[in-house]
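Note that these values count all heavy atoms, side chains included, but never hydrogens, waters or copies made by symmetry.
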Amino acid sequence: MKYELHKTDSQSKARAGKITTDHGEILTPIFMPVGTAATVKAVHQRELANDIKAQIILGNTYHLYLRPGLDILERAGGLHKFNGWSGPILTDSGGYQVFSLKDIRKISEEGVKFQSHIDGSRHLFTPENVMDTQRTIGADIIMAFDECAPYPCDYNYAKKSMEMTHRWLKRCIDRFDSTEGKYGYSQALFPIVQGSVYKDLRIQSAEFIAEQNREGNAIGGLAVGEPAEKMYETIDYVNDILPKDKPRYLMGVGTPENILEGIALGIDMFDCVMPTRNARNGMLFTTQGIINIRNEKWKDDFTAIDEALGGYVSTFYSKAYLRHLVKCDEILSAQIASVHNLTFYLWLVGQAREHILAGDFLTWKNAMVKQVMQRL
Ligand SMILES: CNc1nc2cc3c(=O)[nH]c(N)nc3c(CC[C@H]3O[C@@H](OC)[C@H](OC)[C@@H]3OC)c2[nH]1
């Protein structure tokens with residue numbers, strides 16, 4: 001995997017670049033649709049490619065390990081063959097999911113013991129076996145096994161957790177670098193900066209992560225309930241330490257506003273369940289602002305969902321029709337709204353890239369945040 005920096009904005013830390021993987025290229029800044037259980041919920045692969053114009057999608061180690069399981073994935077020839085997505089894939093290590101299973105997991109130096117949320121069966125994730133698991137899933141970019149410290153947590157907890165995450169990272173690197181990919185293409189391991197919201201810990205973690213000299217770096221431990229200002233402040237000084245010639249991935253973020261502010265602070269890669277999860281309950285992001293389609297006001301609005309966005313679902317179906325489908329809880333409503341919201345998210349980061357290259361990113365960003373976050 002390699003990264004080319006195309007342009008850095010003159011008035012902010014925003015950058016435009018290109019990541020090249022064995023499954024294709026990714027123009028940054030980029031948003032990565034979340035595909036937890038080998039599917040971006042309610043979306044076909046060809047819609048991802050042709051309508052949403054996704055460039056890279058996510059899979060999740062915790063979920064895929066439990067179902068369909070590694071045996072099936074290996075016999076299929078890896079996740080790309082199993083779900084038919086031939087572009088780049090990134091998988092999370094499963095750390096976050098296991099830690100969010102509060103009462104059915106136990107953390108130790110060795111790793112994390114947990115019970116499956118599906119059938120209660122007992123499992124152990126370690127830095128080593130999570131690397132082997134992600135080798136088997138076959139994502140182009142895989143994440144280190146880390147602890148995403150809860151928010152809030154006291155300084156001592158954050159320090160101990162960060163130090164364990166750093167020890168786990170060394171174990172991940174040792175294991176990953178002593179094994180090969182299983183399907184004939186290369187994979188990259190991204191380390192993850194932790195340290196909660198404590199500046200000295202975050203700086204220590206960013207320095208340790210940068211030292212590992214991997215092909216890309218992630219910032220974790222954010223979008224866990226902390227105030228947005230705290231998130232922005234943390235990203236700002238961490239990005240002064242993470243190397244400029246490697247892509248920076250902010251995990252789990254975010255709203256359109258969070259993403260544009262993150263881009264201005266030097267983030268290149270984003271993921272969030274918001275566009276797909278909110279779509280399923282009728283919350284639409286559009287070029288004109290946010291629409292709660294369940295609201296009575298849309299029941300006789302026969303204009304297209306978002307004419308300005310373009311694309312099939314956003315121009316072919318009306319607001320009134322989509323509201324009807326959502327009220328009836330029709331399966332098609334999830335499909336239309338998910339494709340629409342993801343198309344919007346990819347459009348937004350694509351526009352950001354264009355304005356970084358054109359040199360007017362900051363002016364555009366300030367106006368666009370107001371426009372797309374207004375409630376219609
Ligand atoms: C929402 N806020 C948020 N903060 C996060 C912080 C971390 C973190 O510090 N470490 C790790 N390992 N993962 C994190 C994650 C999960 C992202 C994954 O969560 C899954 O979406 C739910 C998706 O899996 C397909 C995605 O894969 C990269 C976070 N999510």
Looking at Asp329, I want to see if its CG is surrounded by more than 12 non-hydrogen atoms of other residues, nucleotides or ligands under 6.0 Å. no

Stepwise side-chain contact (heavy atoms from CB on, under 4.5 Å) test for Ile356 and Ile263: CA-CA 10 Å; Ile356 292 166; Ile263 289 170; 4.0 Å; yes

Between Glu110 and Thr126, do the side chains contain an N or O donor and an N or O acceptor separated by less than 3.5 Å? no

Locate the shortest heavy-atom distance separating Met269 from Pro247; write the atom from each residue and the value. SD-CB, 4.0 Å

What do you reckon, is CD of Gln374 surrounded by more than 12 foreign heavy atoms closer than 6.0 Å? yes

Fit a plane to each ring of Phe145 and Phe125, take the angle between them on a 0 to 90° scale, and name the class: parallel (under 30°), tilted (30 to 60°) or perpendicular (over 60°). perpendicular

Does any donor atom in the side chain of Asn60 or Thr36 lie under 3.5 Å from an acceptor atom in the other side chain? no

Has the side chain of Gln212 got a donor or acceptor atom that lies under 3.5 Å from a matching backbone atom of Phe208? yes

Within 45° of the ring axis of Phe114 and under 6.0 Å from its six-membered ring centre, is that where the NZ or CZ of Arg122 lies? no

Check the side chains of Lys319 and Thr303 for a donor-acceptor pair under 3.5 angstrom, ignoring hydrogens and angles. yes

Whether the Gln194 and Asp146 side chains hold a donor-acceptor pair (N or O, under 3.5 Å, no angle test) is what I'd like checked. yes

Considering residues, nucleotides and ligands other than His44, do more than 12 of their heavy atoms fall under 6.0 Å from its NE2? no

So, Trp85 side chain and Ala49 main chain: donor-acceptor pair closer than 3.5 Å or not? no

Using a 3.5 Å distance criterion without hydrogens, assess whether the side chain of Gln187 forms a donor-acceptor pair with backbone atoms of Gln134. yes

For residues Leu90 and Tyr185: do they belong to one hydrophobic cluster (side chain heavy atoms under 4.5 Å, members Ile, Leu, Val, Met, Phe, Trp, Tyr)? no

Return the orientation label for the Tyr321 and Tyr317 ring planes: parallel under 30°, perpendicular over 60°, tilted otherwise. parallel

Does Lys297, at its NZ atom, have more than 12 non-hydrogen atoms belonging to other residues, nucleotides or ligands within less than 6.0 Å? yes

Are any side-chain N or O atoms of Gln55 and backbone N or O atoms of Ile30, one a donor and one an acceptor, separated by less than 3.5 Å? no

Salt bridge Lys199-Glu233, side-chain N to carboxylate O under 4.0 Å: no

Evaluate whether atom CZ of Arg277 has more than 12 neighbouring non-hydrogen atoms of other residues, nucleotides or ligands under 6.0 angstrom away. no

Are Phe270 and Tyr345, when compared by the centres of their aromatic rings, separated by less than 6.0 Å? no

Count the heavy atoms belonging to other residues, nucleotides or ligands that lie under 6.0 Å from NZ of Lys182, then report whether that count exceeds 12. yes

Please tell me whether Tyr249 and Asp271 have a donor and an acceptor in their side chains that are separated by less than 3.5 angstrom. yes

Between Lys2 and Glu215 (salt bridge meaning N to carboxylate O under 4.0 Å), is one present in this structure? no

Might you work through the salt bridge (charged side-chain N to carboxylate O under 4.0 Å, His left out) test for Glu261 and Lys365, ending with a clear yes or no? CA-CA 8 Å; Glu261 295 305 337; Lys365 186 261 297 178; 3.0 Å; yes

Side-chain H-bond candidate by donor/acceptor type, His166 with Ser205, under 3.5 Å: yes

Decide yes or no on ring-ring contact (aromatic ring centres under 6.0 Å, His included) for Phe285 and His340, but give the supporting numbers first. CA-CA 8 Å; Phe285 294 100; His340 166 77; 8.8 Å; no

Looking only at the side chains, is there a donor atom on one of Ser161 and Glu147 sitting less than 3.5 Å from an acceptor on the other? yes

Is it the case that the side chain of Lys53 and the backbone of Asn50 share a donor-acceptor pair, with hydrogens and angles ignored and the cut-off at 3.5 Å? yes

Could you check whether Arg15 pairs with Asp268 (Lys NZ or Arg NE/NH1/NH2 to Asp/Glu carboxylate O, under 4.0 Å)? yes

Using the rule given for salt bridge (charged side-chain N to carboxylate O under 4.0 Å, His left out), can you reason through Asp174 versus Lys170, listing the C-alpha separation, both sets of side-chain angles and the distance that settles it, and then say yes or no? CA-CA 6 Å; Asp174 291 350; Lys170 290 307 280 177; 5.5 Å; no

Count I, L, V, M, F, W, Y as connected when their side-chain heavy atoms are under 4.5 Å apart, and connections chain through other members. Are Leu250 and Tyr96 then in the same cluster? no

Is Ile192 reachable from Ile107 through a run of I, L, V, M, F, W or Y residues, each pair having side-chain heavy atoms under 4.5 Å apart? yes

Distance flag, aromatic centroids of His80 and Tyr183, threshold under 6.0 Å: no

If we check side chain to side chain contact (heavy atoms under 4.5 Å, CB included) with Ile235, which of these qualifies: Leu242, Val253, Asn258, Leu222? Leu222

Count the heavy atoms of every other residue, nucleotide or ligand shown that sit under 6.0 Å from CD1 of Ile331, and state whether that count exceeds 12. no

Taking Lys13 for its side chain and Asp236 for its backbone only, find out whether a donor-acceptor pair lies under 3.5 Å. yes

Can a donor-acceptor pair be found, under 3.5 Å and without considering hydrogens, that links the side chain of Arg280 to the backbone of Thr276? yes

Side-chain donor-acceptor contact under 3.5 Å, Asn239 with Lys244: no

